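What you see is a predicted model, and the numbers here were worked out from it, not measured in a lab. Numbering of ligands and ligand atoms starts at 1, following listing order. When a residue number appears, it is its place in the shown sequence, counting from 1.
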Amino acid sequence: MSSHDTELSPAESARRRALASLARLAGTSAALPFLASFAPTKVSAQTPAPIGAPATPGPPVRPAPQPGTRVVMLGTHGGPGIERDRAETSSAVVVDGVPYLVDCGYGSLRQLVLSTIGYQQLDAIFFTHLHDDHTSDLPALLSHQWTGGTKKTPTEMYGPNGTARLVDAALGFLRINAEIRTVDEGRTIDPATLFHGHDVVATAAPTRVLADDRVTVTAVESTHYPGRSTDRMPHRALSYRFDTKERSVVFTGDTAYSENIVGLAKGADLFVCEVMAQSVYDANVARAKEAEAAGNPVSIARHVAETHSTPADVGRMAAKAKVKTVVLYHLLPAARVPGSLDYAITNFTDGVRTAGFTGEVIVGQDLMVL
Ligand SMILES: [Zn+2]
Ligand SMILES: [Zn+2]
């Protein structure tokens, strides 16, 4: 860490590192002007009011939305766990200034604020699956959307089986707060009228989830739960594709190698794909064998090894689908040292290339804009 970094807040340091790594890894500064439009709005407390100005300044002025399609990596931490510099999984597709959220792991709400996307006018959320590292911030997000008081349009949430139930549970969390504020502050909006969950059927071929005048969203079932589990539960995992008039972007969510995803991602501009280092795979295979020998055939280690993608798996999917650019996220392992990737990014990128993908490979960082 440079001495300059030590003068910055951790969040600002992370933001600057993300910018630097973006320019370095992508080999382009094309994303920088967009981030400038996302630059944190100056709060009034930092700007002395001129003499004679009203004592209460007006709300901060947000920059006008930029046209086009951008992807903002909000959280790139792999798996459940809280660390200082990476939030759990969450990404946003911003189309002509309108955000669509993909997953909402712990820290997403904070990252939405730091990115200056904000959360109050967020109307659409897509869940790849309902593991808690992809959903934990949902109750906080919905609760603060309601309490913020300026939300007029509903938030529609899409995801695999269980999503409607998850949204109902988040409403349950919010209800007591709403009861208090309805009596005590004269609130009139019933939270149930604002928040709606929709279960999406998981299919092998792409199924349309949403189409509006900015984007068409399609989904397939990914390979995050093995057959031995899906035989015994209704839960599934999804991957999403966003097609706008400028770009196509695929989010795999959590998955092992998947032919469904290859079909979904055909020719995509950005292939945002989870990854675990080969060393993580090897270690978990060894641990799963030990657990099985000790009488536990279904272990966490087996889950990790069987339901995530090695760099070679990512490269095979990317090459077969002929995507243009790979963006790695949900990075396993997570950093052991706060504030840095304490392993070489070549742990990920070399394996993707060795598997036959010849395009650009970007290792995602929190608050990276693509
Ligand atoms: Zn996950
Ligand atoms: Zn998962």
| Partners of R287 by salt bridge (Lys or Arg N to Asp or Glu O under 4.0 Å), sequence neighbours excluded? |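 For R287, no residue satisfies salt bridge (Lys or Arg N to Asp or Glu O under 4.0 Å) once neighbours in sequence are set aside.
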
| query | Which protein N, O or S atoms does the Zn ion (ligand 1) have within a distance shorter than 2.8 Å? | reply |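 Hits for the Zn ion (ligand 1) below 2.8 Å: D133 OD2, H134 NE2, D254 OD2, H330 NE2.
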
| query | If you link I, L, V, M, F, W and Y whenever their side-chain heavy atoms are under 4.5 Å apart, who else ends up in the same group as M233? | reply |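 In the cluster with M233 are Y225.
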
| Quick one: hydrophobic cluster around I176, which other residues, with the 4.5 Å side-chain cut-off, linked directly or via members? |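 Noted: I176 shares its cluster with I180.
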
| query | Does NZ or CZ of R247 lie under 6.0 Å from the centre of the six-membered ring of F242, at an angle within 45° of the ring axis? | reply |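 No - R247 does not lie over the ring of F242 by the 6.0 Å and 45° rule.
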
| message | Given the ring of W146, does R181 sit roughly above its face, with NZ or CZ under 6.0 Å from the centre of the six-membered ring and within 45° of the axis? | response |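 No - R181 does not lie over the ring of W146 by the 6.0 Å and 45° rule.
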
| Min side-chain heavy-atom separation T155-Q145 under 4.5 Å |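 Heavy-atom side-chain distance check passes, below 4.5 Å.
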
